[in-house]
2 protein chains.
Amino acid sequence: MKIMKKEDLIGQLREKGLKITPQRLAIIDALVENRTRHPGATLIYNEAKKKAKRVSLSTVYATLKELSASGLIKAMEFDRMENRYDANLSEHLNLICKRCGAIVDFNLPATIEQKDITRKTGFVVTDTRMEYYGYCGDCLKRPE
Amino acid sequence: MKIMKKEDLIGQLREKGLKITPQRLAIIDALVENRTRHPGATLIYNEAKKKAKRVSLSTVYATLKELSASGLIKAMEFDRMENRYDANLSEHLNLICKRCGAIVDFNLPATIEQKDITRKTGFVVTDTRMEYYGYCGDCLKRPE
DNA sequence: GTAACTGCAAATGCTTTGCACCCCT
DNA sequence: AGGGGTGCAAAGCATTTGCAGTTAC
């Protein structure tokens, strides 16, 4: 569990026998460079367009799907809001601003024991999602 | 923070000057009686149809929206999966089976200090979402 | 009586899919 | 050379919206 870098992602794709195309490079760049913003498909698409002359939204979606299916990045799925993607695979809490949509990481002081859960319930944990919703400091300062 | 019962929900709606219609009663019943299953709109719709002669999916959605906007129940939103609703407002962890979609509650041994977060980041927490994904005991026993 | 509620159908918006063409390796 | 990758347009699907008719209070 770590913060994935460009080389990590490319290396892993290569190892799986997948192709490194200009589109994928641009998408991975956009993903990694905007990591702390937890970008959505649209932002990644717009950023990727700057580097690769030809990219389509479908390709962005396909690549993000491939990466998260392989466990190389984490997809954060929402209902009304665009999904967001995270190259930080370490276990952490996400603080999500309900006004501006900003998502920032917060390291947990202590994590919940997954073995404890399995022992008590038989449930085997494969991945976690911990989100706190509210308002970020910037939005609280802003009027309205 | 508590587990909402039928009377709680109806009382709160009344206090807000909202109408108690047969549809809403049926929806609230379905919600409360299936609380531990964390029902989705479709399940609630099908259950509600048994009690109220006339209900539509739109009404189910409208009512669930009203209840969650008022903070009387908690909406759990997903992307590819139907949203699920929870009348248990206490802070707890949800264990979500990726195979059968079952959602069960798990009480937390200790919760993360929200004041700590505000002090360190300026972010004010209004509601939380803590989910662990994986496979439930039943699905693990089952072949395939 | 009247504001709120309901049901229907159409619209929304993000994401996926089908398919012909393309290009990494 | 060949199978994965790409772009486009169309389809999917849960949820919302517009609106005319209905109903709880």
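Below, each value reflects all heavy atoms present in this structure, side chains not excepted, and no hydrogens, waters or symmetry copies. Protein chains get the first letters and strands the later ones, always in sequence-line order, with residue 1 at the start of each. Computed from a prediction, not measured in an experiment: that's the story for all the values here.
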For nucleotides 13-25 of chain C, just jot down a letter per nucleotide in 5' to 3' order: B, S or -, based on protein non-hydrogen atoms under 4.0 Å.
-SBBB------BS
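- With sequence neighbours excluded, the residues forming a salt bridge (Lys or Arg N to Asp or Glu O under 4.0 Å) with B:Glu33 are B:Lys51, listed by chain and number.
- When rounded to the nearest whole Å, the span between CD1 of A:Ile28 and P of D:dG5 equals 12 Å.
- For B:His92 and B:Asn107, the side-chain atoms include no donor-acceptor pair closer than 3.5 Å.
- For A:Thr36, there are no side-chain hydrogen bond (donor to acceptor under 3.5 Å, both in side chains) partners at least two apart in sequence or on another chain.
- With sequence neighbours excluded, no residue forms a salt bridge (Lys or Arg N to Asp or Glu O under 4.0 Å) with B:Arg84.
- The CD atom of B:Glu15 sits 15 Å away from the P atom of D:dC25 (whole-angstrom rounding).
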Under 3.5 Å, N/O pairs linking protein and nucleotides 20-22 of chain D:
none

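- B:Thr59 meets the side-chain hydrogen bond (donor to acceptor under 3.5 Å, both in side chains) test with B:Ser56; sequence neighbours excluded.
- Between the P atom of D:dT15 and the CD1 atom of B:Ile44 lies a distance of 10 Å, rounded to the nearest Å.
- Direction of the helix axis in the helix from C:dG1-D:dC25 to C:dT25-D:dA1 shifts by 40° between the two five-pair termini, rounded to 10°.
- Applying the salt bridge (Lys or Arg N to Asp or Glu O under 4.0 Å) criterion to B:Lys53, with sequence neighbours excluded, gives no partner residue.
- Contacts of B:Lys19 classified as salt bridge (Lys or Arg N to Asp or Glu O under 4.0 Å), with partners at least two apart in sequence or in another chain: none.
- Residue pairs meeting the salt bridge (Lys or Arg N to Asp or Glu O under 4.0 Å) criterion with at least one partner in residues 63-74 of chain B, sequence neighbours excluded, are B:Lys16-B:Glu66.
- Annotation: side-chain hydrogen bond (donor to acceptor under 3.5 Å, both in side chains) contacts of B:Lys5 (sequence neighbours excluded): none.
- Distance CG (B:Leu64) to P (C:dC5): 14 Å, rounded to an integer number of Å.
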In residues 130-137 of chain B, what donor-acceptor pairs under 3.5 Å come from side-chain atoms, sequence neighbours left out?
{"unit_1": "B:Glu131", "atom_1": "OE1", "unit_2": "B:Arg129", "atom_2": "NE", "d": "3.2"}
{"unit_1": "B:Glu131", "atom_1": "OE1", "unit_2": "B:Arg129", "atom_2": "NH2", "d": "3.4"}
{"unit_1": "B:Glu131", "atom_1": "OE1", "unit_2": "B:Tyr133", "atom_2": "OH", "d": "2.6"}
{"unit_1": "B:Glu131", "atom_1": "OE2", "unit_2": "B:Arg129", "atom_2": "NE", "d": "2.9"}
{"unit_1": "B:Glu131", "atom_1": "OE2", "unit_2": "B:Arg129", "atom_2": "NH2", "d": "3.3"}
{"unit_1": "B:Tyr132", "atom_1": "OH", "unit_2": "A:Glu91", "atom_2": "OE2", "d": "3.2"}

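- In this structure, B:Leu43 atom CG and D:dA14 atom P are separated by 14 Å, rounded to whole Å.
- Here the P atom of nucleotide C:dA3 and the NZ atom of B:Lys16 are 19 Å apart, to the nearest Å.
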